[in-house]
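Only one structure is covered here, and it is reproduced in the block below.
Numbering of residues begins at 1 and proceeds along the displayed sequence.
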Amino acid sequence: MRPVLFSLRAALALLLVTLPLPATAEDLTSLARSSGTPDIPGLKMVWLAPWGDPAKAHPWTNIIVHQTEGPAGSARSGALAQAKNPKRRGVTLWVETDGTVYWAVPETLVTLHGDGANRNDNRYIDNGPTYRKVVRDNSIGVEFAGNYPDVTRPATEAQVAAWRILSKLLRLRYQIPRERIYAHNWIDYKDARYCEGCALAGLARAAPD
């Protein structure tokens, strides 16, 4: 049994050496201000459009969280379609059920999402700061796929894990305060069966720095 035990220990040690370490706060801050297609520890990023100079990106001041009524795999297809036609209705980032993040279009482009900001009933949050103000022209959109056929189904564990890193990455890159992360339903009227993006937006707002 000793040789087997030794081999197991050696294999575990090798695994620990080769596993990527999570990014520190300093690492993530540095990566968030970089250009190109950086490797982000903890994220599987598919770059359909690379980053440029963050100073030349569109002046995003808000983040809007969306959820699609599509099956698993629809984030990839949605992102590819968005990359091919950036002016179709959609978002900049798409998150698959396995946690893969697709950056679909250049950060200089405004996609067609989040228009309206017509919720003024204060049902979820105080809508005074958002009413007709948090719109596509100033908000970068993130779409989470895979809640079909049950639209009330929450995001997967892999999506939540990716979002914890991605939301902080976006805030650092575009200098967006956490209170400017919004769920779709917080700013626009939507399907009454569920609150689109609410759990994810709430999680990002409450996450520690």
Count the heavy atoms belonging to other residues, nucleotides or ligands that lie under 6.0 Å from [atom1] of [X], then report whether that count exceeds 12.
X: Arg33; atom1: CZ; result: yes
X: Asp150; atom1: CG; result: yes
X: Arg178; atom1: CZ; result: yes
X: Tyr148; atom1: OH; result: no
X: Glu157; atom1: CD; result: no
X: Arg205; atom1: CZ; result: yes

#### Entry: Ring geometry between Trp60 and His58 (parallel below 30°, tilted from 30 to 60°, perpendicular above 60°)
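Tilted, since the angle between the ring planes falls between 30° and 60°.
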### Query
Parallel, tilted or perpendicular for His184 and His66, by the 30°/60° rule?
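The rings of His184 and His66 stand perpendicular, inter-plane angle above 60°.
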### Query
Do Trp51 and Met45 sit in the same hydrophobic cluster, where Ile, Leu, Val, Met, Phe, Trp and Tyr count as joined when their side-chain heavy atoms come under 4.5 Å apart?
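Hydrophobic grouping puts Trp51 with Met45.
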### Query
Under a single-linkage definition using a 4.5 Å side-chain heavy-atom cutoff for Ile, Leu, Val, Met, Phe, Trp and Tyr, are Ile176 and Trp163 assigned to the same hydrophobic cluster?
yes
### Task
Please confirm whether the backbone N or O of Gly146 pairs with a side-chain atom of Thr97, one donor and one acceptor, at under 3.5 Å?
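It does not hold such a pair.
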### Main-chain N/O of Phe144 paired to Gln67 side chain as donor or acceptor, under 3.5 Å
no
### Summary
So NZ of Lys190 and CZ of Arg119: to nearest 0.5 Å the spacing works out to 11.5 Å
### Task
Could you note down all residue pairs passing disulfide (SG to SG under 2.5 Å) where residues 109-195 supplies at least one of them, sequence neighbours left out?
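Output for this query lists Cys195-Cys198.
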### Query
Would you say the side-chain atoms of Tyr189 and Asn120 include a donor-acceptor pair closer than 3.5 Å?
yes
### Task
Apply the test side-chain contact (heavy atoms from CB on, under 4.5 Å) to residues Val95 and Glu143: give CA-CA distance (whole Å), side-chain angles for both, the deciding distance (0.1 Å), then the verdict.
CA-CA 6 Å; Val95 185; Glu143 187 88 66; over 6 Å; no
### Query
Could you walk me through whether Leu28 and Leu172 pass the side-chain contact (heavy atoms from CB on, under 4.5 Å) check?
CA-CA 8 Å; Leu28 196 60; Leu172 289 170; 4.0 Å; yes
### Message
Going by ring pair (Phe, Tyr, Trp, His ring centres under 6.0 Å), name the residues that satisfy it together with Tyr102, two or more places apart in sequence or in a different chain.
### Response
none
### Query
Can the ring centres of Trp94 and Trp103 be said to be less than 6.0 Å apart?
no
Side-chain ion pair, [X] and [Y], N-O less than 4.0 Å:
X: Glu107; Y: Arg173; answer: yes
X: Asp121; Y: Arg123; answer: no
X: Asp115; Y: Arg136; answer: yes
X: Glu69; Y: Arg193; answer: yes

#### Entry: side-chain contact (heavy atoms from CB on, under 4.5 Å) partner of Ile64, the single match among Ile181, Ile187, Val142, Ile140
Ile187
